[in-house]
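Here is the structure we will look at.
Note that the structure is a prediction, hence the values are computed from the model and not measured.
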Amino acid sequence: MRTYWNTANGLRTIDNWMPNCWVQVTCPSQDDVDFLEKTLKIPDYYVSDIADTDERARYDIDDGWILIILRIPYVKETKSRTPFTTIPMGIILKGDVLVTVCNFETNMMIDFVTYQQKRGLGFTDSVDMIFRLFLCSAVWYLKRLKQINVLIEKAKQNLDRDVNNADLISLSRLQDSLTYFITSIRGNENLLSKLKFKLPIDELDADMIEDVNIEMSQARETTNIYSNILASTMDTYASIINNNMSGVMKMLTSISIILMFPTLIASLFGMNLVNGMETAWWGFPLALALSVGVTVIFLWYFKRRTWI
């Protein structure tokens, strides 16, 4: 799906492509790909690079065409192994052509368009729009990090009541998501530092770059904090599980030792040997009393040593 936007005075849709408009391509079909490659003459490998979900944040310049790949946050289905991840979004420009391509429909781009329409000023040029996309991505990283923090706190509350595998697996998946976030944010920061020297920027762009740096630094630091907290939490609950397991094993071992002594007494008196009590009426009560007495003595001793 592709949408044509007039960015001169505010942000509004137009029916057909015109020079200096913004072409927004989302989940491109074959018709969209043909339009980009045949009508706008965009290199085909630019489109294929954007389709690669593992493509890193980078820029490329070829025959006047500039490709900028920005990693943006994305939320998968709830049951996905990594519900929060990052995806590439491509920005392609040359002369009067400005195109953004993303193979996923994201809330970030919907919010970006809505905010710019409310703002009602449009973009001064394509460079201004690029840095505003960088700023929007940093803001959305912070939004997703808040959601991750809520999920971490919820899982911790559940684990405080009962340590179970489902909540531990959930924390592990969130740890994977934070790893993707920190890698992508660092890549975007490196890309931004390079673009400052590759794109024609003015004073307004410089102010925008400073704002982007602040938001990205905050997103990076927040991700590091949450990642450290999550790693510490996982280690704590792992220690709790090991401690609980040690307690159970200690209890079972103590019970086995206590039961060993009456078993030994019963075995001795049950041997087919002459012990003088074969015909005595008090033989069995004596063996039973010894078994109970020894069990009580060792039970008292183990409790005194806090072994059980």
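Within 6.0 Å of the NZ atom in K198, the count of heavy atoms belonging to other residues, nucleotides or ligands does not exceed 12. More than 12 heavy-atom neighbours from other residues, nucleotides or ligands sit within 6.0 angstrom of CD on Q147. In Y180, the OH atom is not crowded: 12 or fewer heavy atoms of neighbouring residues, nucleotides or ligands sit closer than 6.0 Å.
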Query raised in the report: How far apart are the C-alpha atoms of W65 and L67, what are their side-chain angles, what is the distance that settles it, and do they pass the side-chain contact (heavy atoms from CB on, under 4.5 Å) test?
Result: CA-CA 7 Å; W65 289 100; L67 169 66; over 6 Å; no
Requested in this report: Begin from the C-alpha positions of Y226 and L174 and carry the test side-chain contact (heavy atoms from CB on, under 4.5 Å) through to its verdict.
Outcome: CA-CA 10 Å; Y226 288 166; L174 293 176; over 6 Å; no
Requested in this report: List the steps, then state whether side-chain contact (heavy atoms from CB on, under 4.5 Å) holds for V212 with M216.
Outcome: CA-CA 6 Å; V212 174; M216 282 193 173; 4.0 Å; yes
Requested in this report: For W22 and T100, run side chain to side chain donor-acceptor pair (under 3.5 Å): C-alpha distance rounded to whole Å, both residues' side-chain angles, the deciding distance at 0.1 Å, then the answer.
Outcome: CA-CA 8 Å; W22 167 31; T100 61; 2.9 Å; yes
Report task. Show your reasoning for whether side-chain contact (heavy atoms from CB on, under 4.5 Å) applies to I72 and T106. Result -> CA-CA 9 Å; I72 62 175; T106 64; 4.2 Å; yes
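Just one of I14, N20, D15, N16 meets the side-chain contact (heavy atoms from CB on, under 4.5 Å) condition when paired with M18; it is I14.
At least one donor-acceptor pair under 3.5 Å links the side chain of S193 to the backbone N or O of N190. The backbone N or O of D63 sits less than 3.5 Å from a side-chain atom of K94, completing a donor-acceptor pair. Of the possible polar contacts, one joining the R71 side chain to the T86 backbone as a donor-acceptor pair under 3.5 Å is found. Of the possible donor and acceptor atoms, one in the side chain of N228 sits under 3.5 Å from a partner among the backbone N and O of N224. The backbone N or O of F134 sits less than 3.5 Å from a side-chain atom of S137, completing a donor-acceptor pair.
Annotation: side chain of M109 is in contact with side chain of M89 (closest heavy-atom distance under 4.5 Å). At least one side-chain heavy atom of T295 sits under 4.5 Å from a side-chain heavy atom of P262. The shortest side-chain heavy-atom distance between E105 and I110 falls under the 4.5 Å cut-off. You'll find the side chain of L36 stays beyond 4.5 Å of the side chain of Y46, heavy atoms only. Counting only heavy atoms from C-beta outward, the side chains of I50 and E55 never approach each other to under 4.5 Å. Using a 4.5 Å heavy-atom threshold, the side chains of D60 and I66 count as separate. Put simply, the side chain of I69 does not reach to within 4.5 Å of the side chain of Y59, judged on heavy atoms. You'll find the side chain of E37 reaches within 4.5 Å of the side chain of V47, heavy atoms only.
Both I42 and V33 belong to a single network of hydrophobic side chains, linked directly or stepwise wherever heavy atoms of I, L, V, M, F, W or Y lie under 4.5 Å apart. Cluster membership for F112 and Y115, using ILVMFWY side-chain heavy atoms within less than 4.5 angstrom, is not shared. In the hydrophobic clustering of this structure, L299 groups with I257; members are Ile, Leu, Val, Met, Phe, Trp, Tyr whose side-chain heavy atoms approach within less than 4.5 Å, directly or through other members. A continuous path of hydrophobic side-chain contacts links L151 to V75 [ILVMFWY only; heavy atoms under 4.5 Å]. Linking Ile, Leu, Val, Met, Phe, Trp and Tyr residues whenever their side-chain heavy atoms come within less than 4.5 Å leaves V292 and I297 in two separate clusters.
Between the side chains of T39 and W17, no donor-acceptor pair of N or O atoms lies under 3.5 Å. Between S29 and D32, the side chains place a donor N or O and an acceptor N or O closer than 3.5 Å (distance only, hydrogens not considered). W140 and N107 share no side-chain donor-acceptor pair at under 3.5 Å.
In this structure, CD on E221 lies 8.0 Å from CD1 on I182, to the nearest 0.5 angstrom. We find the OG1-CD distance between T13 and Q24 to be 11.0 Å, quoted to the nearest 0.5 Å. Note that the SG atom of C27 and the CE atom of M1 stand 7.0 Å from one another [nearest 0.5 Å]. The SG atom of C136 lies 10.5 Å from the CD atom of E215; values are rounded to the nearest 0.5 Å. Note that CG of N188 is 11.0 Å distant from OG1 of T183, once rounded to the nearest 0.5 Å. S126 OG to L93 CG: the interatomic distance, rounded to the nearest 0.5 Å, is 5.0 Å.
Stacking of R132 on the aromatic ring of F123 is not recorded, the 6.0 Å distance cut-off and the 45° axial limit not both being met. Geometrically, K303 does not engage W300 in a cation-pi contact, judged by NZ or CZ lying under 6.0 Å from the ring centre and within 45° of the ring axis.
Taking the six-membered ring for Trp, F181 and Y141 have ring centres closer than 6.0 Å.
Of all heavy-atom pairs between C102 and I87, the closest is SG-CD1, 3.8 Å. Residue D52 comes nearest to P88 through the heavy atom pair O-CG, 3.2 Å, listed as atom of the first residue, atom of the second, then distance. The shortest heavy-atom contact between P73 and M108 is CD-SD, 4.4 Å.
Remark: R186 does not engage E189 in a salt bridge, criterion side-chain N to carboxylate O under 4.0 Å.
By the ring pair (Phe, Tyr, Trp, His ring centres under 6.0 Å) test, F104 is found to be paired with Y74, residues two or more places apart in sequence or in another chain being considered.
The aromatic rings of F261 and F298 lie parallel to each other, their planes meeting at an angle below 30°, with 60° marking the opposite boundary.
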